[in-house]
Every structure is written in structure tokens, then in C-alpha cells.
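For reference, the structure is listed below as C-alpha cells.
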Amino acid sequence: THGNYGRGFGGPRPQGQGNFNRQQQAPQQNILTAASLADKTPEEQKNILGERLYNSVIKIDAERAAKITGMLLELNPEEILSAVNDFSQLSAKVAEAQHILNQHS
């Protein structure tokens with residue numbers, strides 16, 4: 001039985017190591033740059049930026065996060081990157097989008 005315990009105990013190690021590696025990589029994902037997106041297709045770039053925007057916009061306006069994210073994705077890539085990387089710039093862009101939505105509702 002001791003041999004079985006050893007094999008069973010060894011099983012979770014790769015999973016634990018995988019979690020550790022993901023935690024180490026997380027800080028690197030905080031800042032998106034044009035260079036980090038350069039090797040992606042335009043569709044992949046839009047998906048990455050859209051995910052990042054949505055995850056931040058939902059904290060500001062959960063009810064209209066999807067609509068506002070779509071509006072922000074119409075901005076030029078430099079503005080999107082600035083908004084993704086700087087919460088104060090994102091907040092300003094979200095406020096603009098909210099103002100537009102409020103005028104049209």
C-alpha cells in the first residue's frame with residue numbers, strides 16, 4: 001500500500017506546478033502593449049482587447065458592459081490599449097460611452 005500512496009501523491013504535483021506557473025504569469029498579463037499583440041491576427045487582437053475591456057467595464061457599468069465594450073472596440077488601437085492599461089483613462093472612455101447611451105435611450 002505504501003507504493004500506491006506514493007503514486008497517488010505524485011499525481012497532483014503537475015497540476016500544482018501548473019497553478020504556480022499561471023500565478024507567475026499573471027502579472028505579465030496586466031499590461032498589454034502593441035508589441036505583445038503584434039504576432040496576433042486582427043481577430044485575435046480584437047478578442048484579447050475585448051476581453052480585457054469587458055472585464056474592466058463590468059466593474060463600472062455591469063448592466064451595459066457588453067454594449068460599452070463594443071463601443072470602445074471601435075476606438076483606434078492606441079486608445080484601446082491606453083484604456084486597457086490605465087483605469088482612469090478607461091473610466092473616462094466609459095463615461096463618454098454612458099453619456100452617448102443615455103442620450104439615445
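For this chain, numbers begin at 1 and follow the sequence in order. Side-chain atoms are counted along with the backbone in the values below, which use heavy atoms only and exclude waters and symmetry mates.
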Task: N102 side chain reached by R64 side chain, heavy atoms, under 4.5 Å - done: yes
Distance-only criterion, 3.5 Å: show the donor-acceptor pairs between side-chain atoms of residues 94-101 and protein atoms not counting sequence neighbours.
unit_1, atom_1, unit_2, atom_2, d
Q98, NE2, D61, OD2, 3.0
H99, NE2, Q103, NE2, 3.1

Task: Interatomic spacing from CG in L37 to CG in L49 - rounded to 0.5 Å - done: 5.5 Å
Tell me which donor-acceptor pairs under 3.5 Å the side chains of residues 84-92 have, and how far apart each pair is, sequence neighbours excluded?
unit_1, atom_1, unit_2, atom_2, d
N85, OD1, L32, N, 2.8
N85, ND2, L32, O, 2.6
N85, ND2, L81, O, 3.1
D86, OD1, S88, N, 3.0
D86, OD1, S88, OG, 2.7
D86, OD1, Q89, N, 3.4
S91, OG, F87, O, 2.9

Task: Option from I68, T69, L73 for which side-chain contact (heavy atoms from CB on, under 4.5 Å) with Y54 holds - done: T69
Open item on the list: Ignoring hydrogens, what is the shortest heavy-atom contact between A83 and K93? Give both atom names and the distance.
Closed with: CB-CG, 4.4 Å
Open item on the list: Could you see if I58 belongs to whatever hydrophobic cluster contains M71? Use Ile, Leu, Val, Met, Phe, Trp, Tyr and a side-chain cutoff under 4.5 Å.
Closed with: no
